[in-house]
There are 2 protein chains.
Amino acid sequence: MHSDVVASRSAEHRDSREPRSGGPQLDSVSLAIIEQLQEDGRRPYAAIGKAVGLSEAAVRQRVQKLLDQGVMQIVAVTDPLTVGFRRQAMVGVHVEGDVESVADALTAMSECEYVVMTAGSFDLMVEIVCEDDDHLLEVINRRIRALPGVRSTESFVYLKLKKQTYMWGTR
Amino acid sequence: MHSDVVASRSAEHRDSREPRSGGPQLDSVSLAIIEQLQEDGRRPYAAIGKAVGLSEAAVRQRVQKLLDQGVMQIVAVTDPLTVGFRRQAMVGVHVEGDVESVADALTAMSECEYVVMTAGSFDLMVEIVCEDDDHLLEVINRRIRALPGVRSTESFVYLKLKKQTYMWGTR
DNA sequence: CTGAAGCCTGCGGATTTCGCAGAAGTGGGG
DNA sequence: CCCCACTTCTGCGAAATCCGCAGGCTTCAG
C-alpha cells in the first residue's frame, strides 16, 4: 500500500499538474500547514499538528485533501544542472491569434517545464530544460517556432541559477 | 551490483542553500532516488530502496546527503494564486558592471523567488511573487531599479500559470 | 426534528524512521 | 603487501510515525 497516490488519481480526472487560477479558498490553518511543508516536505504530521494546533489525524486528512485537490504537491526539486540537464533557457514567445492554444501545445512538450501567459512584450514565457545544445536548438527552432500561431521567439540561455525557493508565506 | 560509485569524492561542504552550477556528479542510483522523490516527496525509504535496489538505510543516508549538499530539497509547492499571492511577474534586468553582485542583491530579497543569470538581451531574469499591485510596483520600481548596477528593467506580469512541473529525469 | 455532510479526535496495529555497529570496497603511504 | 583512513552499504532493534476506523460535534437543508 505504498502508492496511495494512485487512489486519488482515479477519482477525478482533473490533471493535478495543471494549476488552476481561482482555486478553493484556504483557511489560515491549511495555510499554516502548507508553510510547514514548504520548510520541510517530510515533516511528520504530529509535529505539524503541534505547530498549527490540530491533531495528527486532522493534519493528515487536510494534507491528503490538499494533495487530492491539486492545491499543493510534495516533491523533490533540484538544480537541473546537477542532474544532467546542461542547457536551460527562458523563451519569450510572440503569438498571433489564440494564445491559449499555443500555451496548451507548449504545455504538452516535456521539455517545457514552466509555461505562463504574460502581459508585456511577450505573450508567453516558457522555461526549457534540455540535455545539451543540440537538444535545445531542436526544441526552440524546430518545435516551438513550428507551432501555428507562433510569430517569433527570443531566447535567454541560463548561465547560472542563483536562487530557487518555495517559501511563499513564510516571510 | 552497485559497483560504479565513481562519484562524490572530496566532500567539500559548500553553502547548501545556494545552488551551484557544477555540483558533484551523481551516479545513476542517486538519480533514480531523486526520480522517485520527484514523483512523491514522502515516499518511504523502503519503497524507494526496492525500486532502486538498495537497502532502506542506504537510501536514507543518500537522501540525507543529497539534502545536506543542497543537491535537492523536498518541499511543498503550490500555485501562488491559491495561497494569496495575487500578482506575479517575470522581470528582465539590464545590468552595467558586475552582474553577480546585482544577482546577489536580488537573491536577498524575499519577493524574488527565482533569480537566474542569462545570455541574451537580459543579463538577469527574476521571478517576483507579490500580494497585490502596490506590492509589485514597490518591489520593481523602488527596490530593484534602485540597486546600483541596474540600468533598466522590463516586466512581464503573469496572467495565467499554465504549467509547473518538477519531473526532470522522468521522461 | 432528522438525516446527511464535513471536520475533528482518539486509539490500536502496521509501517517507517532512526541510530548504531559491523562488513565490504577503495586508495594511499610505509 | 599490509595497514590505516575513509566511505558506503547492510542488518537490526527501539522509538516514532503513519494509517484506517469508529465516534463526537457542528452546520445546514428538508
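Naming convention: chains lettered A, B, ... in sequence-line order (proteins, then strands); numbering from 1 in each chain. Hydrogens, waters and symmetry mates play no part in the numbers below; they use all other heavy atoms, side chains included.
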Atom-pair distance (CD on A:Q64; C1' on D:dG20), nearest Å
12 Å
Presence of A:R60 side-chain N/O under 4.0 Å of D:dT17 phosphate oxygens OP1/OP2
no
B:R62 has a side chain; which of C:dC7, D:dG11, D:dT8 sits nearest to it?
D:dT8
Parallel, tilted or perpendicular: which fits the ring planes of B:Y158 and A:Y114, with parallel below 30° and perpendicular above 60°?
tilted
Atom CZ of B:R143: over 12 foreign heavy atoms under 6.0 Å
yes
Could you please name the option among D:dT10, D:dT8, C:dT9 that lies closest to any side-chain atom of A:A58?
C:dT9
Give the rounded distance in Å between these two atoms: OH of A:Y45 and P of C:dC8.
15 Å
Please tabulate, for side-chain N and O atoms in residues 149-156 of chain B, each donor-acceptor pair with protein atoms closer than 3.5 Å (sequence neighbours left out).
unit_1: B:T153; atom_1: OG1; unit_2: B:R145; atom_2: NE; d: 2.9
unit_1: B:T153; atom_1: OG1; unit_2: B:R145; atom_2: NH2; d: 3.0
unit_1: B:E154; atom_1: OE2; unit_2: A:S121; atom_2: OG; d: 2.7

Is the distance from OP1 or OP2 of C:dC7 to the nearest side-chain N or O of A:K65 less than 4.0 Å?
yes
Could you tell me how far apart B:K50 (NZ) and C:dT16 (C1') are, to the nearest whole angstrom?
12 Å
Among D:dC9, C:dC8, C:dT16, the one nearest A:Q61 by side-chain distance:
C:dC8
Rounded to whole angstrom units, what separation is found between the CD atom of B:E56 and the P atom of C:dC18?
9 Å
Between B:D40 (CG) and C:dT16 (P), how many Å, whole number?
12 Å
Rounded to the nearest 0.5 Å, how far does CG of A:L66 lie from OG1 of B:T78?
10.0 Å
What is the distance, to the nearest angstrom, from the CG atom on A:L67 to the P atom on D:dC18?
13 Å
Rounded distance (Å) that lies between atom C1' of C:dT15 and atom CZ of B:R42
14 Å
Tell me the interatomic distance from A:L66, atom CG, to C:dG6, atom C1', rounded to whole angstroms.
15 Å
Derivation and outcome, side-chain contact (heavy atoms from CB on, under 4.5 Å), residues B:R87 and B:E131:
CA-CA 6 Å; B:R87 285 295 176 272; B:E131 291 167 21; over 6 Å; no
DNA chain D nearest-nucleotide lookup for A:A47 and A:A57: closer to the 5′ end is A:A47
